[in-house]
Amino acid sequence: ASWKTITALFAQMTESLESFSSRILSRVPGLCAIIITDKEGSQLVKQTSENYKGDAENHLTTTFAVASEQASKLKMGKNLTITSFYENRTIVHINHFPLIISMMGESDLNVGVLLSFVNDIKKALDPLRSNIREND
């Protein structure tokens, strides 16, 4: 496929993923942002609520990639998610190699509700994931 075709396909996928992310944001109380990056941390999709104050998201996704790789060496299988609880924020990272899904929320975010959407999120990302794998 030509670069122009790939660019058009990516734009269409991004629009659909942003719409999907927006629906998840509206369904999970306390969820403030969904950011999808590639394994190097390049942002592909970002959907935020009006009360999101992001400041460290670029570093978080690349840090997750390294931490996930290290956690996978503990002989308990491949690391799938890492959840971090901070004083004023909860962050859930999901490994969907070569994609990283990062979800930021308020400190009282119901992680169980959020994780119930993981399979749907992964399924929605499969076309993008396949395209990235083909071009790696």
Side-chain angles (χ1 to χ4, degrees):
S2 73
W3 182 248
K4 191 181 260 187
T5 304
I6 291 171
T7 303
L9 178 63
F10 180 71
Q12 184 180 20
M13 270 196 259
T14 300
E15 186 177 315
S16 142
L17 288 172
E18 285 175 350
S19 173
F20 178 76
S21 298
S22 181
R23 285 195 311 272
I24 301 260
L25 275 172
S26 69
R27 291 182 182 173
V28 180
L31 183 61
C32 300
I34 298 175
I35 301 167
I36 301 163
T37 63
D38 66 9
K39 64 186 177 199
E40 281 88 32
S42 297
Q43 189 173 290
L44 304 172
V45 175
K46 178 178 179 179
Q47 191 68 34
T48 63
S49 65
E50 61 278 348
N51 61 343
Y52 177 68
K53 296 171 185 70
D55 51 359
E57 61 209 26
N58 292 337
H59 301 292
L60 290 172
T61 56
T62 52
T63 301
F64 166 75
V66 173
S68 181
E69 184 178 317
Q70 293 302 311
S72 292
K73 294 178 181 179
L74 296 174
K75 299 184 181 184
M76 292 187 277
K78 180 181 167 187
N79 176 263
L80 304 174
T81 67
I82 293 179
T83 303
S84 301
F85 297 93
Y86 296 93
E87 187 175 307
N88 62 356
R89 185 180 293 182
T90 301
I91 301 173
V92 177
H93 293 287
I94 300 166
N95 185 1
H96 194 46
F97 189 82
L99 300 175
I100 297 171
I101 307 154
S102 300
M103 295 179 278
M104 287 79 166
E106 297 168 2
S107 59
D108 62 349
L109 175 69
N110 186 328
V111 175
V113 169
L114 183 60
L115 291 177
S116 72
F117 286 101
V118 168
N119 287 336
D120 293 334
I121 294 168
K122 285 182 175 182
K123 197 176 295 183
L125 289 171
D126 278 341
L128 177 59
R129 180 182 187 214
S130 296
N131 265 342
I132 290 173
R133 280 187 158 178
E134 287 173 11
N135 293 315
D136 260 353

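Hydrogens, waters and symmetry mates play no part in the numbers below; they use all other heavy atoms, side chains included. Note that the structure is a prediction, hence the values are computed from the model and not measured.
With Phe85 as reference, Val111 is the one residue of Ile91, Leu109, Val92, Val111 to meet the side chain to side chain contact (heavy atoms under 4.5 Å, CB included) rule. Residue Leu125 is tested with Leu44, Leu99, Ile94 for a side chain to side chain contact (heavy atoms under 4.5 Å, CB included); the sole match is Leu99.
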Using the rule given for side chain to side chain contact (heavy atoms under 4.5 Å, CB included), can you reason through Glu106 versus Asn88, listing the C-alpha separation, both sets of side-chain angles and the distance that settles it, and then say yes or no?
CA-CA 6 Å; Glu106 297 168 2; Asn88 62 356; over 6 Å; no
What's the verdict on side chain to side chain contact (heavy atoms under 4.5 Å, CB included) for His93 and Thr81, showing C-alpha distance, side-chain angles and the deciding distance?
CA-CA 5 Å; His93 293 287; Thr81 67; over 6 Å; no
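Here Asn79 contributes atom CG and Lys73 contributes atom NZ; the two are 12.5 Å apart, rounded to the nearest 0.5 Å. Rounding to the nearest 0.5 angstrom, the gap separating the CD atom in Gln43 from the CG atom in Asp38 is 10.5 Å. In this structure, Ile82 CD1 and Ser102 OG are separated by 10.5 Å, a value rounded to the nearest 0.5 Å. The line from CZ of Arg89 to CG of Asp108 is 13.5 Å long, rounded to the nearest 0.5 Å. To the nearest 0.5 Å, atoms CZ (Arg129) and CD1 (Ile101) are separated by 9.0 Å. A distance of 10.0 Å separates OG of Ser84 from CE of Met104, quoted to the nearest 0.5 Å.
Between Ile36 and Ile100 there is no side-chain heavy-atom pair separated by less than 4.5 Å. The closest side-chain heavy-atom distance from Val45 to Ile34 is not below 4.5 Å. Using a 4.5 Å heavy-atom cutoff, the side chains of Met103 and Ile121 are in contact.
By the neighbour-count criterion of 12 heavy atoms within 6.0 Å, atom NZ of Lys123 is sparsely surrounded, having that number or fewer from other residues, nucleotides or ligands.
Using a 4.5 Å cut-off between side-chain heavy atoms of Ile, Leu, Val, Met, Phe, Trp and Tyr, with links allowed through other members, Leu80 and Phe117 fall into different hydrophobic clusters. Each of Met76 and Phe97 belongs to its own hydrophobic cluster when Ile, Leu, Val, Met, Phe, Trp and Tyr are linked at side-chain heavy-atom distances under 4.5 angstrom.
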